[in-house]
Amino acid sequence: MAEFSADNSNEPTIPKPALRALPSPGRPPVEADIARDNPDLVIRRMNLNESPIQPSPKSIVAMQEACTRVNRYPDPQWRELTAAISEETGIPQHRIVMGNGSDEAIVSAGRLSVSPGDEVLVPVPSFPSYNNAAAVNGGTLVTVPLKADGSNDVDAMIAAATDRTRLVFAASPNNPTGNVLTSEEVERLALGIPDTTLLVLDEAYYEFGIHDGGEDHLAVMAKRTGPWAVFRTFSKAYGLAGIRVGYILAGSDEIANAFQKMRSVFNVNAVAQAGALAAWHDKDHRHMLLEKTRIERERLVAGLTALGAEPFPTVANFVTAKMDRPAADIVAALLKKGVMIGRLMHPGYENYIRVTVGSDEDTDGFLAALKDVLAS
Ligand code: PMP
């Protein structure tokens, strides 16, 4: 067996220096780490915007059946899935590109549009993967603060776009704030961002927005003359975060082809494809998940407000709220009680926590634990 020294000071470095400055993908505290010190603790995962509800039973059966066939490679063009998505969205099947989660689409968007020195425009605070998509390709990040209601400021984004801008990320609902854009705002963005820019509308929480009475933005995105893509996912409203399936609705054949070229051939495994397809067709389960999420979200918002917190308006499966003290202290104190929540890492947002909507027991457990922490 080869011997490796623990001293890595003389190891060769990577040829792409921009990567050195980037944080590695996060390793959130897992249940095992917390439970080790206190085996009796009830662990509440309210930090990653997952669903507390299991996927559709039909999806679970489809995945179990697919397991018996995994000696074969999966369909590299995900035909059954894209046919189903095409039928419901109206986007032609060949303009739908599946990804290993919508995170893969975010990474690809950077690779296919950004060269060193180009500008990438992002709202802040927003989803941190956007920043990486800029940085790994040598792009310069241009940040545009959110509006006071936590939605993307489309007019400020249009004003910040230059002839060097190659990629713009917008999000509706926005993570971490949870608020949506109106179709009128999306239309302004679609028509106002230069045609030399890929405009991405990240709709990871799309289904929650629609369930809450929000507008569908696909038709107004299609009015854009420049390149565009909409990203959605099975991770949130389908309770399938663990199988990693997201998708791109591309505005043209060329954009779809560009995303196709960026991916690995078998990027969505056979079990995941079967599970996502069955979940897509189980509308009753999706509706139940969305409705339970809405009920618990409203309880969380009311409970947080009663404790003096100031939540952003949200339609998503999470609530972000301003607290009266550093969020890092609250997160650490809650973790000791088994409650895992997130906080905003952006300068100026040191007092903001982000809590994922969980089960009704999670809502009660979180609010009781938070009350204790704030009283101490
Ligand atoms: N976009 C946003 C705004 C998100 O919040 C997330 C996940 N938290 C993603 C994309 C990525 O989701 P996934 O890769 O699971 O589809």
Side-chain angles (χ1 to χ4, degrees), residues 44-63 84-85 87-89 101-102 149-151 171-183 202-218 230-243 245-247 275-306 309 311-321 339-342 354-368:
R44 304 194 185 280
R45 279 176 69 122
M46 304 174 80
N47 57 331
L48 291 177
N49 296 351
E50 304 156 331
S51 174
I53 298 169
Q54 285 189 329
S56 152
K58 291 175 186 158
S59 171
I60 294 173
V61 169
M63 289 191 274
I85 295 170
E87 201 175 310
E88 212 168 294
T89 58
S102 54
D149 67 1
S151 64
S172 177
N174 186 65
N175 177 13
T177 44
N179 209 347
V180 284
L181 291 169
T182 63
S183 276
D202 183 344
E203 293 192 320
Y205 303 92
Y206 162 79
E207 296 83 357
F208 299 96
I210 297 294
H211 186 72
D212 201 73
E215 295 168 290
D216 194 315
H217 302 317
L218 210 45
V230 169
F231 295 171
R232 293 181 188 163
T233 183
F234 284 81
S235 295
K236 312 294 179 181
Y238 298 83
L240 285 170
I243 67 167
V245 185
Y247 57 99
L277 183 66
W280 181 268
H281 289 302
D282 193 344
K283 300 238 176 346
D284 290 343
H285 186 273
R286 186 175 12 162
H287 186 268
M288 177 274 290
L289 186 150
L290 293 170
E291 186 55 15
K292 284 200 169 164
T293 304
R294 185 188 65 76
I295 291 166
E296 291 311 313
R297 183 183 64 232
E298 286 175 3
R299 291 185 61 221
L300 263 184
V301 168
L304 278 162
T305 309
F312 277 110
T314 171
V315 302
N317 68 339
F318 54 86
V319 182
T320 287
V339 182
M340 301 161 73
I341 66 161
R354 193 195 68 186
V355 189
T356 301
V357 177
S359 64
D360 51 356
E361 289 97 358
D362 288 337
T363 307
D364 294 339
F366 161 72
L367 289 171

Would you check if [X] and [Y] make a side-chain contact, meaning some heavy-atom pair closer than 4.5 Å?
X	Y	answer
F208	L289	yes
I60	P55	yes
L367	R299	no
E203	L218	no
H285	P57	yes
F318	N175	yes
L48	T356	no

Does the pair K236/D202 count as a salt bridge with the N-to-O cut at 4.0 Å?
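No.
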
Q. Is the shortest side-chain N to carboxylate O distance from E88 to R286 below 4.0 Å?
A. yes

Report the distance from atom [atom1] of [X] to atom [atom2] of [Y], rounding to the nearest 0.5 Å.
X	Y	atom1	atom2	result
R354	T177	CZ	OG1	10.5 Å
Y247	F234	OH	CZ	5.5 Å
T89	R232	OG1	CZ	7.0 Å
I53	L290	CD1	CG	8.5 Å
H211	N317	NE2	CG	12.5 Å
E207	H287	CD	NE2	13.0 Å

Residue set satisfying side-chain hydrogen bond (donor to acceptor under 3.5 Å, both in side chains) with T233, at least two apart, ordered chain then number -> S235

Keeping [X] on the side-chain end and [Y] on the backbone end, is there a donor-acceptor pair under 3.5 Å?
X	Y	answer
S172	V180	no
R297	V319	no
N179	D149	yes

Exercise. Determine whether the side chains of S359 and D362 contain a donor N or O and an acceptor N or O closer than 3.5 Å.
Key: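 On atom types as modelled, these side chains qualify, holding a pair under 3.5 Å.
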
Distance only, no hydrogens: is a donor on one side chain within 3.5 Å (strictly under) of an acceptor on the other, for D216 and Y206?
-> yes

By salt bridge (charged side-chain N to carboxylate O under 4.0 Å, His left out), E50 pairs with (sequence neighbours left out) R45

| said: Within the supplied structure, the quantity of interest is the number of heavy atoms (other residues, nucleotides, ligands) at a distance under 6.0 Å from Q54 CD; does it exceed 12? | reply: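 For Q54, atom CD is not crowded (no more than 12 foreign heavy atoms under 6.0 Å).
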
More than 12 heavy atoms of other groups within 6.0 Å of E87 CD: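 Not more than 12 within 6.0 Å, no.
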
Work out which heavy atom in [X] is nearest to a heavy atom in [Y]; give both atom names and the distance.
X	Y	value
T182	H217	C-CE1, 3.5 Å
A278	A62	CB-CB, 3.7 Å
L181	S151	CD2-CB, 4.5 Å
A321	L304	CB-CD1, 4.3 Å
V339	M46	CG1-SD, 4.2 Å
V301	T314	CG2-CG2, 4.3 Å

Paired with V355, the side-chain contact (heavy atoms from CB on, under 4.5 Å) test is passed by just one of T320, I341, N49, namely I341

